[in-house]
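Both ligands and their constituent atoms are indexed starting at 1 by order of listing.
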Amino acid sequence: MTLTDETSTIPVGGPTLEQVRRLVTELPGPRSAEILARKADAVASGVAHSMPISVVAAGGGVVVDADGNSLIDLGSGIAVTSVGNAHAGVAAAVAAQVAQFTHTCFMVSPYESYIDVAEALNRLTPGDFSKKSALFNSGAEAVENAIKIARKHTGRQAVVAFDHGYHGRTNLTMALTAKSMPYKSGFGPFAPEVYRVPGSYPYRDGLTGPDAAARAITLIEKQIGADNLAAVIIEPIQGEGGFIVPADGFLDAVVAWCRENGVVFIADEVQTGFARTGAMFASELFGIEPDLVTTAKGIAGGLPLAGVTGRAEIMDAAHAGGLGGTYGGNPIACAAAIASIDAFENEGLVERAQQIGGILTSRLETMQKGDPRIGEVRGHGAMIAAEFVDPATGAPDAALTAAVAKACVAAGVIVLTCGTFGNVIRFLPPLAIGDDLLAEGLDIVAAALAAA
Ligand SMILES: *Cc1c(COP(=O)(O)O)cnc(C)c1O
């Protein structure tokens with residue numbers, strides 16, 4: 001499908017886009033290079049990018065640039081376009097809504113689609129109890145609001161976050177985020193009453209889940225005191241921190257301790273939510289029922305939307321007018337979310353994430369058998385990572401990781417790195433990617449590693 005005007009033939013994105021990797025220039029090509037030069041002049045340097053191209057279309061498992069290069073997408077714009085970029089149902093719902101009305105502000109005059117999204121979140125998030133939701137614009141904003149709600153509900157101030165945690169880039173969420181560079185360095189002072197404790201990182205700490213939980217709980221009790229603690233916030237599988245999967249028994253022990261002590265347990269499922277891990281929410285994989293769940297990223301097929309969902313009595317703690325924002329739950333984003341949630345539920349995307357996880361894991365484990373520089377392959381569903389180490393010492397190898405990522409990018413495969421030590425490559429393909437394209441992307445990763 002093409003849209004033709006006098007000067008250019010630009011492919012239209014979405015599921016009909018040709019599903020191939022095709023490089024017609026070096027990256028960046030001349031047209032992208034021109035645009036990126038303007039970017040360097042016009043856009044603040046703090047806003048960096050990992051793939052040196054300018055996008056004109058995307059869909060399925062590919063991203064097409066201004067020079068006509070077609071790249072394999074193993075990042076989904078950081079776990080956002082899980083249903084696929086420009087998903088047909090999302091595009092149609094957005095087009096219909098934008099023609100109807102674009103904004104009223106839900107706090108001024110409400111509309112049904114916001115309530116539809118809230119009902120869907122209440123139904124789909126873990127926990128068989130009465131729930132309510134509120135909608136916002138970004139993951140960071142959802143996290144901020146979850147903390148506000150937990151503080152109001154408990155009348156307490158302290159919040160515990162974990163080593164390797166990532167919760168966003170606003171002031172409170174920078175305080176909650178562990179890693180200094182690039183997220184926090186020079187941007188302080190940070191919000192007070194945020195405390196960090198070690199979590200569970202089996203590959204590096206060697207602790208069982210219950211032992212890791214006991215270590216965290218002892219620190220919380222001795223250094224903060226349960227009576228002062230409003231909330232514990234954790235990603236069930238840590239995202240930016242390195243796709244760290246906690247040992248069995250860790251999360252449930254922390255949840256049990258929170259419940260005994262009247263502390264609100266918040267699962268930050270901004271990255272893990274909506275089928276990404278092969279379950280609708282990652283909390284299900286660990287059998288936990290969080291008091292509050294934050295969502296964003298995959299929720300609306302690429303439109304900015306976020307939610308806080310949880311126990312009705314906690315969610316209702318904030319006074320009328322205490323929660324909101326001009327754009328939170330914007331009608332276009334809600335229309336996109338309803339269409340995306342329909343796709344998650346009715347297009348087999350939970351199962352597809354499991355299949356993708358099987359393909360990623362078996363291929364990466366095969367690579368690992370022949371290459372001790374891959375220290376660990378871990379994750380769930382379509383959220384899988386490889387941690388690169390020095391085989392002699394087990395020390396993180398960020399240079400190798402950067403070299404592999406750079407070679408993948410040059411070969412037209414969008415991969416993302418992560419990890420506190422910068423030594424993890426994470427795979428977050430759209431769930432709309434085909435098996436062939438995924439396999440080809442992994443061939444290129446394998447070649448890049450062999451050459452590095
Ligand atoms: C991305 C992310 C956030 C922040 O979301 P934004 O929409 O970028 O503000 C918060 N928590 C987790 C776990 C994330 O992955």
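You'll find the ring centres of Phe274 and Phe281 inside the 6.0 Å limit.
For Phe101, the ring-ring contact (aromatic ring centres under 6.0 Å, His included) partners two or more places apart in sequence, or in a different chain, are Tyr111.
Salt bridge absent: Lys152 and Asp316 never bring a charged side-chain N and a carboxylate O closer than 4.0 Å. Salt bridge annotation for Glu193-Arg151: absent, with no cationic side-chain nitrogen under 4.0 angstrom from a carboxylate oxygen.
In terms of modelled atom types and a separation under 3.5 Å, the side chain of Ser113 and the main chain of Ala335 share no donor-acceptor contact. Counting only distance, with no hydrogens or angles, the side chain of Arg259 and the backbone of Phe265 share no donor-acceptor pair below 3.5 Å.
For a heavy-atom separation below 4.0 Å, the residues in contact with ligand 1 are Ser138, Gly139, Ala140, Tyr166, His167, Gly168, Glu235, Asp268, Val270, Gln271, Lys297.
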